[in-house]
Every structure is written in structure tokens, then in C-alpha cells.
Amino acid sequence: MAIKWVLHWQPNAGTTVNSQILSEVSQCVESVNGVKEGRWKATLTFYRPNLRDQTLQAEFPRDFLGISLPEQPNKYYFIIRGQRIVLEADSSILAIMEKLQSYKSRVALNFEGMQYQLGDFQLKVGKVVTNTSESLRGIMMEVEYLPLSSIEKSRQIMEEFLDIWRETVSKKSLPGQFMHNEPNYAEYGLSDQYTSQHTAVQYATVLAQLIATVHQPQPVRN
């Protein structure tokens with residue numbers, strides 16, 4: 001499987017994300033001859049235990065994430081962040097969970113946008129919105145390098161691509177930049193060979209960064 005990096009837009013202090021930034025970033029991809037390949041969507045859902053007996057609370061994870069990825073429509077991924085566990089399941093697990101009513105969905109976030117081909121790279125640029133509102137919660141980008149599946153062997157190529165990409169975006173003088181925070185995959189028991197479980201862990205990491213960004217203190221205006 002090809003290697004992927006999932007990045008989030010980090011706004012400058014005192015600024016917020018908006019649809020104009022997303023539009024300008026998309027124009028940057030097209031300016032370097034990115035070819036549109038269609039729309040894409042990934043969904044990340046927060047689950048909480050639906051406990052009838054509150055004394056059992058300590059026996060269940062307080063919350064966990066479920067992720068559906070466009071490249072794996074028949075799979076569903078679970079991440080328990082506290083214990084650093086990632087699991088791959090058949091997508092039919094959702095129907096089972098619905099029947100059991102053991103966990104309830106608290107909120108779902110949709111990552112959605114346009115996919116582009118750029119030589120050996122595939123780029124997905126999109127917005128982050130909740131399933132109940134079109135209000136923009138963040139901007140993210142997924143960079144996929146198709147020829148390699150080794151995380152270590154592809155690192156230099158990915159970093160060089162990211163440098164070129166940031167230089168392209170910097171010409172727009174936008175109030176922020178794309179950040180890549182690589183998770184410690186070994187903590188999740190994942191190897192150097194890239195899999196969709198690595199992608200799921202990255203989405204969970206990006207989510208944590210987006211939450212931190214939303215809650216960062218804003219400057220006091222007189």
C-alpha cells in the first residue's frame with residue numbers, strides 16, 4: 001500500500017479557518033498541474049458507552065473513535081486513544097453495533113473535498129465539518145506517495161515534497177500553514193510497512209490537533 005501523510009491547517013494566532021483559505025489551497029494544487037480525479041469523503045465518529053448500569057463504567061473505554069476511509073469501503077477502523085489500540089473490522093460491524101446499542105454515536109466529523117493526481121503523488125484537500133452543520137471546523141490535506149509502502153524509505157521524498165508544497169502555498173500569503181504531526185506508530189503495534197490502520201491513526205491525531213487549534217486562546221482585542 002502507498003504511503004500517506006495526513007496534515008491539518010494550523011491558522012496563525014488570532015486567525016481562524018475559512019472557506020477562502022480552502023479555495024486558495026485548492027487553486028495551489030491546480031497551479032502545479034494537479035489533475036482533478038473527483039470527490040472523496042472520510043468520516044470519523046466519536047462513540048460513548050451506552051451504559052444502563054453506571055457501575056460498569058470502569059470496564060468500558062470512556063470513548064473511542066470509528067473511522068471509515070474512502071479507499072477501504074468494506075472496512076471500518078476503531079481507535080481507542082487511551083490504550084493506543086487500533087483495530088480493523090468488516091463494515092458490517094456498524095449494523096451489529098446498531099442492534100446491540102452498547103455504544104452510541106456522540107458526534108461525527110466529515111472530512112471531504114477534492115482528490116488530485118500529481119505525478120507519483122495523490123493529494124486530497126478538504127474541509128472538516130460535523131454531520132449536523134456545514135460550519136467549517138478545519139482544513140486538512142492527505143498526501144499519498146504511490147510507489148513506496150515503507151515509512152522510513154519514503155520519509156525524505158515526503159519531506160521534500162512538503163517543502164515544495166509549502167513554498168507554493170506561501171506565495172498566497174495565507175494566515176497559517178499545513179502541519180504534519182507523525183504519530184508514534186510503534187505505540188499502536190504498527191510496523192514500518194504502511195497500512196490503512198496507519199491512516200486511521202493519523203486521522204485520530206489530526207482530530208486531536210484540530211480540537212487543540214479550536215480551543216487555543218484568542219488574543220484580547222481592545
Side-chain angles (χ1 to χ4, degrees), residues 1-10 40-49 57-94 96-97 100 102-112 121-124 126 128 137-138 140-159 161-162 178-215:
M1 184 176 173
I3 196 86
K4 290 185 182 184
W5 278 11
V6 183
L7 304 96
H8 72 283
W9 182 261
Q10 178 76 48
W40 67 278
K41 180 179 175 181
T43 302
L44 190 154
T45 306
F46 283 89
Y47 292 97
R48 276 273 171 89
Q57 198 157 2
E59 296 179 26
F60 290 82
R62 191 169 56 86
D63 61 38
F64 67 84
L65 304 174
I67 302 175
S68 66
L69 299 171
E71 65 269 22
Q72 296 281 12
N74 300 320
K75 301 289 183 185
Y76 198 70
Y77 298 88
F78 293 104
I79 293 176
I80 304 173
R81 290 173 298 174
Q83 283 88 359
R84 295 288 191 270
I85 294 170
V86 57
L87 300 169
E88 180 181 278
D90 192 275
S91 57
S92 60
I93 190 73
L94 292 172
I96 296 168
M97 287 172 69
L100 290 175
S102 52
Y103 280 86
K104 58 187 174 186
S105 162
R106 277 182 58 227
V107 64
L109 286 175
N110 294 325
F111 297 76
E112 55 189 84
F121 291 90
Q122 197 173 68
L123 267 66
K124 291 180 181 143
V128 186
R137 297 302 176 98
M140 55 78 63
M141 182 173 76
E142 191 183 286
V143 180
E144 184 173 6
Y145 182 61
L146 302 168
L148 286 175
S149 61
S150 162
I151 294 169
E152 283 308 316
K153 286 179 183 172
S154 62
R155 191 179 304 281
Q156 186 178 346
I157 295 164
M158 296 293 273
E159 285 174 351
F161 177 84
L162 205 53
F178 279 105
M179 302 293 291
H180 177 241
N181 297 87
E182 188 167 30
N184 184 340
Y185 295 120
E187 288 184 351
Y188 287 87
L190 299 176
S191 73
D192 177 63
Q193 290 300 306
Y194 198 85
T195 67
S196 293
Q197 292 187 40
H198 290 74
T199 305
V201 170
Q202 285 198 76
Y203 270 91
T205 302
V206 161
L207 177 73
Q209 299 297 329
L210 287 172
I211 291 169
T213 298
V214 168
H215 291 105

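In this chain, residues are counted from 1 in sequence order.
With Y194 contributing its side chain and L148 its backbone, the two residues share no donor-acceptor pair below 3.5 Å. Between the S196 side chain and the T199 main chain, no donor and acceptor come within less than 3.5 Å of each other.
Checking each of Q122, E71, H198 against K4 for a side chain to side chain donor-acceptor pair (under 3.5 Å) leaves exactly one that passes, namely E71. Of the listed residues (L65, I79, L69, V128), just one forms a side-chain contact (heavy atoms from CB on, under 4.5 Å) with L44, and that residue is L65.
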Note to self: What verdict does the side chain to side chain contact (heavy atoms under 4.5 Å, CB included) test give for Y145 and I157, after you've listed the backbone C-alpha separation in whole Å, the side-chain angles of each residue and the deciding distance to 0.1 Å?
What the structure shows: CA-CA 9 Å; Y145 182 61; I157 295 164; 3.9 Å; yes
Next item on the list: For Y77 and Q197, run side chain to side chain contact (heavy atoms under 4.5 Å, CB included): C-alpha distance rounded to whole Å, both residues' side-chain angles, the deciding distance at 0.1 Å, then the answer.
Entry: CA-CA 7 Å; Y77 298 88; Q197 292 187 40; 4.0 Å; yes
Checklist line | Test side-chain hydrogen bond (donor to acceptor under 3.5 Å, both in side chains) applied to T43 and N110, step by step | finding: CA-CA 5 Å; T43 302; N110 294 325; 3.0 Å; yes
Next item on the list: Please test F78 against I93 for side chain to side chain contact (heavy atoms under 4.5 Å, CB included), starting from the C-alpha separation and ending with a verdict.
Entry: CA-CA 11 Å; F78 293 104; I93 190 73; 3.9 Å; yes
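Of all heavy-atom pairs spanning L210 and R137, the tightest one is CD2-O, 4.3 Å.
Taking the six-membered ring for Trp and thresholds of 30 and 60 degrees, F178 and W9 have ring planes more than 60 degrees apart, a perpendicular arrangement.
Counting heavy atoms from C-beta on, the side chains of H8 and N181 come closer than 4.5 Å. Between P70 and K41 the shortest side-chain heavy-atom distance does not fall below 4.5 Å. Between E182 and I151, some side-chain heavy-atom pair lies under the 4.5 Å cut-off. Contact annotation: the side chain of I67 never approaches that of T45 to less than 4.5 Å [non-hydrogen atoms, C-beta and beyond]. Within the 4.5 Å cutoff, side-chain heavy atoms of Q202 are placed close to those of Y185. In this structure, E142 and F111 have side chains that are not in contact, with every pair of non-hydrogen atoms separated by 4.5 Å or more. Side-chain atoms of V143 and F161, non-hydrogen and from C-beta on, do get closer than 4.5 Å to each other. Looking at heavy atoms from C-beta onward, L146 lies in side-chain contact with E144 at the 4.5 angstrom threshold.
Note: F64 CZ to Y103 OH = 5.5 Å, rounded to the nearest 0.5 Å. Taking OG1 from T205 and OH from Y203, the interatomic distance works out to 12.0 Å, rounded to the nearest 0.5 Å. Distance check: E112 CD to W40 CH2 gives 8.5 Å after rounding to the nearest 0.5 Å. Put simply, CG on L162 and CG on L7 are 5.5 Å apart, with the number rounded to the nearest 0.5 Å. Atom CD of residue E152 and atom CD of residue Q193 lie 11.0 Å apart, to the nearest 0.5 angstrom. The OG atom of S91 sits 10.5 Å away from the OH atom of Y76 when rounded to the nearest 0.5 Å.
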